[in-house]
Amino acid sequence: MSANEREQDQNPPDLVAMRYTAQRILGPDSGPDALPSAEEELDTVIAQLRGHLRLLMPEVEQAAGRLPTNSPTRHGALTCVGEARGKLRAPELSSAWLGGSVMYARGLARVLGTLCDHYEIVSAGVVETPEQTAFVRWADHCVTCPICRAMDDEGVNLGLPCETHDRLYDAYREARARGRARVGHRSPAEAWA
């Protein structure tokens, strides 16, 4: 291996370029204005998306492999890698060439964006995000609280008000909103810590 190849191996993936490529096909809300202008350009974007996925998948696997096996972020990242592999194996839809290719490209773009997010989290060594922690607290309460579990004679949940449930649910929603804002603004992975 040459010195240049070793240097390339040590450089982190260019997430900015990867996200830019994904946004070229997704655009704002995946609207029709996000379509590339010509057939050749769509083929180029698909090739770029596939190339980015091939580069990023082993990086995510390697970073996730350093986390504990019971880590939610590890599990989520490896699941996303599996999804990306499935997208790469899936053939483009051949009926209605442009429509099928656009759908295929958008699927690749969505999984690439998500894989970029996972890479930031697992490469920072985050075992569990604040959103995941808040969800687990809320879920644990729901399955153990006698008020939340109260049922009528037919086994239908009574839906009784529970202040703890409401507080934990609000905490989860706030953590989820903060997580989405972070990812939406693409701030550094250290923000997850």
Side-chain angles (χ1 to χ4, degrees), residues 11-36 42-93 99-136 138-139 172-193:
N11 291 332
D14 187 354
L15 300 181
V16 172
M18 291 180 181
R19 285 189 170 116
Y20 174 77
T21 304
Q23 284 306 308
R24 286 181 63 200
I25 195 67
L26 291 176
D29 301 321
S30 298
D33 55 336
L35 296 177
L42 183 59
D43 289 340
T44 302
V45 172
I46 288 172
Q48 289 172 339
L49 290 167
R50 292 174 65 83
H52 288 323
L53 286 170
R54 286 189 188 106
L55 289 172
L56 191 55
M57 288 185 318
E59 296 287 336
V60 172
E61 285 179 314
Q62 184 179 20
R66 291 189 290 268
L67 295 175
T69 56
N70 63 344
S71 165
T73 55
R74 173 188 170 129
H75 177 73
L78 294 176
T79 300
C80 189
V81 169
E83 177 73 16
R85 279 202 180 97
K87 297 278 186 208
L88 288 175
R89 282 192 302 264
E92 287 184 50
L93 300 174
S101 292
V102 169
M103 289 183 348
Y104 178 71
R106 286 184 175 164
L108 291 174
R110 283 189 292 274
V111 78
L112 176 62
T114 304
L115 203 58
C116 287
D117 296 342
H118 281 294
Y119 176 77
E120 284 185 328
I121 294 168
V122 296
S123 65
V126 176
V127 174
E128 186 173 275
T129 65
E131 179 182 350
Q132 292 165 334
T133 302
F135 179 81
V136 168
W138 174 50
Y172 164 65
R173 288 184 56 199
E174 288 174 20
R176 187 171 182 203
R178 283 191 306 271
R180 285 185 175 172
R182 261 188 225 108
V183 172
H185 293 125
R186 306 294 181 218
S187 61
E190 293 86 50
W192 287 101

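Residue numbers count from 1 along this sequence. A quick note: this is a predicted structure, and the numbers were derived from the prediction, not measured.
Here the CG-CG distance, from Leu115 to Leu56, works out to 4.0 Å after rounding to the nearest 0.5 Å.
For Val127, the side-chain contact (heavy atoms from CB on, under 4.5 Å) partners two or more places apart in sequence, or in a different chain, are Leu67, Pro68, Ser71. Applying the side-chain hydrogen bond (donor to acceptor under 3.5 Å, both in side chains) test to Thr133 and every residue at least two apart in sequence or in another chain returns Glu128. Under the side-chain hydrogen bond (donor to acceptor under 3.5 Å, both in side chains) criterion, Arg66 pairs with no residue, sequence neighbours left out. Under the side-chain hydrogen bond (donor to acceptor under 3.5 Å, both in side chains) criterion, Thr21 pairs with His52, sequence neighbours left out. Looking at residues two or more places apart in sequence or on another chain, you find a side-chain contact (heavy atoms from CB on, under 4.5 Å) between Phe135 and Trp138, Ala139, Tyr172. Applying the side-chain contact (heavy atoms from CB on, under 4.5 Å) criterion to Ala22, with sequence neighbours excluded, gives Leu49, Ala109, Leu112. In terms of the salt bridge (charged side-chain N to carboxylate O under 4.0 Å, His left out) criterion, Arg173 has no residue partners (sequence neighbours excluded). The side-chain contact (heavy atoms from CB on, under 4.5 Å) test applied to Thr114 returns Cys80, His118, not counting sequence neighbours. By the salt bridge (charged side-chain N to carboxylate O under 4.0 Å, His left out) test, Glu174 pairs with no residue at all, sequence neighbours left out.
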(message) One pair to check against side-chain contact (heavy atoms from CB on, under 4.5 Å): Gln48 and Leu108. What are the steps and the verdict?
(response) CA-CA 10 Å; Gln48 289 172 339; Leu108 291 174; over 6 Å; no
(request) Kindly indicate, with the supporting measurements, whether the criterion side-chain contact (heavy atoms from CB on, under 4.5 Å) is fulfilled by Ile46 and Ile25. (result) CA-CA 9 Å; Ile46 288 172; Ile25 195 67; over 6 Å; no
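Nearest heavy atom pair, residue Pro13 against residue Met18, reads CB-CE, 3.9 Å. The two residues Glu120 and Leu15 come nearest to each other via the heavy atoms CG-CD1, 3.6 Å. Closest approach of Ala64 to Arg74, counting heavy atoms only: O-CG, 3.4 Å.
Between the side chain of Arg50 and the main chain of Leu88, a donor-acceptor pair closer than 3.5 Å is present.
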